[in-house]
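Just below is one structure, and these are the notes that go with it.
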Amino acid sequence: MATLKEVISCTSGYDPEALPVAKANEVIRSFINPVSGVEKPRVRAALGRVLAKDVVSPINVPSHDNSAMDGYAVRNDDLGAGKPVTLTEIGTAYAGREFTGDVKRGECVRVMTGAVMPNNTETVVVQEAVTTNGKRITIPPGQEPGQNRRLAGEDLRKGRPALHAGRMLRPADIGLIASLGIGEVSVRRKLKVAFFSTGDELVSVGKKLKAGEVYDSNRYTLWGMLQRLGCEVIDLGVVRDDPKKLETAFRTAAGVADAVVTSGGVSVGEADFTKPMMAKLGEVVFWKIAMRPGRPMAFGRIRAHGKSAYLFGLPGNPVAVMVTFYHFVRGALLMMMGRNDIDLPLLRAKSETAMRKKPGRTEYQRGILELKSGEWSVRLTGAQGSGILRSMSEANCFVVLGHEQSTVKVGDYVEVMVMDGLV
Ligand code: AMP
Ligand code: MG
């Protein structure tokens, strides 16, 4: 395992005082390793978990050629070129109940959707297209040979990977696994993530506020974000701005968790006492990231009780903690979980708001994305201060103003990252 120093020495353009977002992620992702440990839950319990091994298909799906429609199964050599043809219906095939006889020239079989194709037939003519007279079925010309037939193995082929390791299992995936007749899957064990808030000014919900005090909201947003990622979450509460107490909390966290996420205590003034304390526990770097919001951040690995944990020291401001979580911690934790699909798509939308922006830093503004006259349009959620949590609550997307981006005028196109997905 490489040390953080080694990883950093391999990163070109590394400047801890003005680190571009992409560089910080490069360092984080080169340093992180996935956790080992595999469990084998039943398929439904595997929803949202990460596959530890490829799922290899033990069968063809579908297992036999079958009809895609209700109609008549016919032989290709009976299809009249340019003329109607009349065939004799000799039986019926249902889904789950096949027609076992052979179909000779001049014959056809009534088939239901999902029925196995009767012997010698290749094509299905939909029932709406034919005219019937008792068992005499007249088929109009223009039928495409092979139409309306589902081929064995067209969905999943025997012996091939149906799903690859590293995939987070979604509803379609657990259905797909069930379609193979598989009842249990190998998934990675859940990631354990401990978190706590730091600050002498923090008060827990339910108590009265005195002047200068604030409720500890970060412990709620962090808890929510970690839950959504599918982690096993360990809440270590509020820790006062006292190096001894902080050290104890970090030691506890390193002993029980794979990763530790903290809020507050990394801004310039506060880092003065957290830096030497963290240096005792392991390898931690303090960064000023070229971004807004969320400039200060600490990253590294700490050790205690013979165990180690990755550390993400996030800024204390309620919006900054969420922005840094989504853009650094989320990807790192997904990597630790063994996920192979980490990065989210950026969409283009027309901006209804002008935004002042200097090149040389990445900004994550909070926006509302809406379809207007057939086009995606985005506007900001009002005041964008890093303490204004309402801007996150009202938003449904981040407007991502990239490192090189300059000022945005009304009507310019910008990149947005949608906060919610369908799956
Ligand atoms: P810090 O990064 O510790 O200097 O904190 C920056 C700002 O965020 C200060 O205004 C803090 O009061 C506020 N803050 C820090 N931690 C929390 C928290 N857990 N919940 C709400 N606000 C916080
Ligand atoms: Mg603080």
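Whatever order the structure lists them in is the order used to number ligands and atoms, beginning at 1.
Contact atoms of ligand 1 toward Asp216: 18 (C), 19 (N), 20 (N) (distance under 4.0 Å to a heavy atom of the residue). Proximity to Tyr215 (heavy-atom distance under 4.0 Å) selects the following atoms of ligand 1: 20 (N), 21 (C). Against a heavy-atom cut-off of under 4.0 Å, Glu270 is close to the following atoms of ligand 1: 1 (P), 2 (O), 3 (O), 4 (O). Applying the 4.0 Å criterion to heavy atoms of Ser197 picks out, from ligand 1, the atoms 19 (N). Proximity to Ser217 (heavy-atom distance under 4.0 Å) selects the following atoms of ligand 1: 20 (N), 21 (C).
In this structure, CZ on Phe195 lies 15.0 Å from CZ on Phe312, to the nearest 0.5 angstrom. The line from CD1 of Ile139 to CD of Gln143 is 6.5 Å long, rounded to the nearest 0.5 Å.
Among Leu314, Val203, Val214, Asn218, the residue whose heavy atom lies closest to atom 18 (C) of ligand 1 is Asn218. Nearest to atom 7 (C) of ligand 1 by heavy atom, out of Asn317, Leu202, Thr198, is Asn317.
If you look at Tyr364 and Tyr326, their ring centroids are not closer than 6.0 Å. Two rings, from Phe299 and Phe286, have their centers 6.0 Å or more apart.
No side-chain donor from either of Glu6 and Ser9 sits under 3.5 Å from a side-chain acceptor of the other. Looking at Tyr413 and Glu375, their side chains do bring a donor and an acceptor atom within 3.5 Å of each other. Residues Arg366 and Ser391 bring a donor and an acceptor atom of their side chains to less than 3.5 Å of each other. A side-chain donor-acceptor contact under 3.5 Å links Glu352 and Ser377.
Pro34 has its side chain out of reach of Met336: every pair of non-hydrogen atoms, C-beta onward, lies at least 4.5 Å apart.
The distance from the Mg ion (ligand 2) to the nearest N/O/S atom of Glu270 is under 2.8 Å.
Considering backbone and side-chain atoms together, Pro318 places no N or O closer than 3.5 Å to any N or O of ligand 1. Any N or O atom pair closer than 3.5 Å counts here, and Gly265 shares at least one such pair with ligand 1.
With hydrogens left out, the protein atom closest to atom 14 (N) of ligand 1 is Gly316 O, 3.3 Å, a heavy atom. Looking at atom 9 (C) of ligand 1, its nearest protein heavy atom turns out to be Glu201 OE2, 4.0 Å.
Neither the backbone nor the side chain of Val266 comes within contact range of ligand 1; no heavy atom lies under 4.0 Å.
Ligand 1 has no atom lying under 4.0 Å from any heavy atom of Arg219.
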